[in-house]
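Keep in mind that the numbers below use all heavy atoms, side chains included, and drop hydrogens, waters and symmetry copies. First the proteins, then the strands, lettered A, B, ... as listed; each starts at 1.
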Amino acid sequence: MRRLFLEQFYKQIFSSTPITSFFLFLLYIVVTPLMIGFEKDFLCYFHLGLIWIPLLFSFLSEPFFRNDKEFGTLELYYLSAYCLPKILLLQLVGHWVIQISCVFCAFPMLQLLYQFDRSGMDWLNILLGSLVLTLLCGIHSGLALGITSSSGWNSLQNLTTLPTLLPLTVFCTSIETEGFHVLLLIGYFFLFVSLYPILVSISLQD
Amino acid sequence: MAPLKPPPPRLLLNGVSCMRNAQAVLRDINVSVHERTALVLTGANGSGKSTFLRMLAGFSRPSAGEVLWNGHDITSPGVFQQYKLQLNWMSLKDAVKEKLTVLENVQWFELLEGKHGKSAPAIELMGLGRLMNEKARMLSMGQRKRLQLARLLAIDRPIWLLDEPSVALDAEGVKLLEYIIAEHRKKGGIVFVATHLPIEIEDAMSLRLPQRFPRRKTLVDLVR
């Protein structure tokens, strides 16, 4: 039963997670050195910022719960015996796992172009940062579910998301304070934990 | 010998009103529903049939009155957590993922209930057995509705809330729907159906919801 559940869960997550966002990320990290140049000293110094910006853009393009609401799946999740916040959280974490796996697949390219693996803190930074980005974008996607206009969704989503992600992006792109990144990301994670019950209740407003 | 008392109602609506988008859609609804009962909701477009079902499902809260399940108000959180496990919801949104197979679309929700093994027989009963391993994008509108009914059978909960269940079904599909409703009631289940199309349900109660906006009188009415 557990194995079958995990198998079905993987299929559910994989079918609802488009791979285009990863290709967007891959496109950014390939094209950026072509525009800036292949000077190793320069790319080595700014590599965190250059990686963070495409990662942020790839997460912003994900409408996490919108398809579930439009197709009526969210209503069935609400009435199921399984806990709805747990289902939504599993979806977010599943999406994050797939996304970060794709980043790991691109590791040789990151190392070749950006000298990425210079210190172990870089990987921890990317791991925690992408998790926090996923959770925060999940919050904003949930808050935006009540907007019925499809044309206004994208603009309002980005307008509400970017101010909250700006401190995260500004601090995490700096290479001098790598140790501080982890503390900042942990603080953001606690912020998400406190806001998550509110997210679930608001996303179900009729 | 003391006279026999009738059994208490499973669901009781006392003076229930419901608002949607700042408009009173339902006013002063009083319904008493026992086991093995079917309630058919009829009315014009916009009279509140779907709102009635959504209120029973807990997606909307009544603005007045109370909805009692086994004598307890379903709007309280503790009661609702038990009450929602009795509900089987079917709406016009089919909740079908096109990238998954027919079996997986039913099996996923069955696994969320902690159950296993009823998906394949339900799909066979609804006539989709030969399409069990096909992608759901291959299904027509009627076959999607049959898939919803198969999910209904696989989850198997006592109270069914069906919003337009016979839309896009052919004659054979409607007979199947009538059959599964009858079998569900034999087991002591309750069925709420909101429909425009005729469905033959034996001994069903009928609740006709009035129009939201009464028709304005015209000169022709005044002359009459």
Please assess Leu112(B) against Ile87(A) for the test side chain to side chain contact (heavy atoms under 4.5 Å, CB included), listing each intermediate value before the final yes or no.
-> CA-CA 9 Å; Leu112(B) 289 181; Ile87(A) 294 175; 4.1 Å; yes

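The contact list for residues 84-95 of chain B toward chain A, using heavy atoms and a distance under 4.5 Å, reads Lys84(B), Leu85(B), Leu87(B), Trp89(B), Ser91(B), Lys93(B), Asp94(B), Ala95(B) by residue number.
Atom CD of Glu183(B) sits in a crowded spot, with more than 12 heavy atoms from other residues, nucleotides or ligands closer than 6.0 Å. The environment of Glu98(B) atom CD is dense: over 12 non-hydrogen atoms of other residues, nucleotides or ligands sit within 6.0 angstrom.
Glu124(B) is linked by a side-chain hydrogen bond (donor to acceptor under 3.5 Å, both in side chains) to nothing, counting only residues two or more places apart in sequence or in another chain. In this structure, the side-chain contact (heavy atoms from CB on, under 4.5 Å) partners of Val167(B), at least two apart in sequence or on a different chain, are Glu164(B).
The two atoms that bring Leu79(A) and Arg157(B) nearest to each other are O-NH1, 2.6 Å, heavy atoms only.
By the 30° and 60° cut-offs, the orientation of the rings of Trp108(B) relative to Tyr77(A) is perpendicular.
Sorted by first and then second residue, the pairs that involve residues 150-170 of chain B and meet ring pair (Phe, Tyr, Trp, His ring centres under 6.0 Å), not counting sequence neighbours, are Trp160(B)-His184(B).
Heavy-atom distances place the side chain of Phe80(B), and not its backbone, under 4.5 Å from chain A.
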